[in-house]
Amino acid sequence: MEANHYQYIKEKIEYYSYKPLREAIFYVVKNAIIEGVFLSGDRLTEDDIAQQFSCSRTPVREALRKLEQENIQGYGQKILPYHYP
C-alpha cells in the first residue's frame with residue numbers, strides 16, 4: 001500500500017468512527033476507490049488494511065466481501081473498474 005493510501009485512510013477513519021468497524025472499513029475503502037486513491041487493478045490485502053485500522057483481519061474480510069458483492073472488488077482483492085450508478 002502506498003503512502004498516499006495510508007494518509008487517506010487516517011484522514012477518513014475518524015469520519016466513520018460511529019459505525020461498526022466492518023462498515024467503517026467498507027466505506028473508507030469504497031470512497032477511496034471512487035475518489036481515485038485506489039485505482040482499478042490495485043491489490044488490497046487484508047493484512048495491509050487491518051494494520052492501518054489497527055484491527056484483526058475479520059472486519060476487513062467482511063468489508064472486502066461487501067465490496068465484492070457490490071462488484072467493486074474482485075476475487076483476490078483486486079479492484080475492478082468502478083462505474084457510477
Side-chain angles (χ1 to χ4, degrees):
M1 207 181 289
E2 296 178 21
N4 63 330
H5 298 162
Y6 293 124
Q7 185 62 32
Y8 180 89
I9 288 172
K10 286 181 182 181
E11 290 174 2
K12 296 294 182 180
I13 195 167
E14 289 184 26
Y15 182 79
Y16 294 104
S17 63
Y18 65 95
K19 292 189 172 287
L21 188 55
R22 67 182 177 278
E23 289 183 32
I25 295 168
F26 167 77
Y27 285 111
V28 169
V29 173
K30 180 179 178 179
N31 288 332
I33 293 167
I34 292 169
E35 294 175 17
V37 176
F38 296 126
L39 302 175
S40 176
D42 282 353
R43 285 204 179 273
L44 301 178
T45 67
E46 290 177 7
D47 289 332
D48 285 342
I49 296 171
Q51 181 181 8
Q52 286 305 302
F53 282 89
S54 299
C55 68
S56 70
R57 292 184 352 210
T58 301
V60 173
R61 193 175 303 115
E62 291 170 356
L64 295 178
R65 275 194 205 124
K66 189 170 180 180
L67 287 168
E68 191 172 355
Q69 289 172 351
E70 292 194 10
N71 294 321
I72 295 173
Q73 177 187 339
Y75 179 76
Q77 293 81 32
K78 192 170 185 178
I79 297 173
L80 303 174
Y82 184 76
H83 302 286
Y84 292 93

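Just so we're clear, the structure is a prediction, and the values are computed from it rather than from any experiment.
Annotation: the span from Arg57 atom CZ to Thr45 atom OG1 amounts to 9.5 Å, rounded to 0.5 Å. Ile49 contributes atom CD1, which lies 4.5 Å from atom CG of Leu64 (distance to the nearest 0.5 angstrom). Between atom CD1 of residue Ile13 and atom CG of residue Leu21 there is a gap of 7.0 Å, rounded to the nearest 0.5 Å.
With sequence neighbours left out, Tyr15 forms a ring-ring contact (aromatic ring centres under 6.0 Å, His included) with no residue at all. Arg61 is linked by a salt bridge (charged side-chain N to carboxylate O under 4.0 Å, His left out) to Glu46, counting only residues two or more places apart in sequence or in another chain.
The closest side-chain heavy-atom distance from Arg22 to Lys66 is not below 4.5 Å. With contacts defined as side-chain heavy-atom distances shorter than 4.5 Å, the pair Tyr8/Glu35 qualifies.
Of all the heavy atoms in Val60 and Ile25, the pair that sits closest is CG2-CD1, 3.8 Å. The nearest pair of heavy atoms linking Ser56 to Ala50 is O-CB, 3.8 Å.
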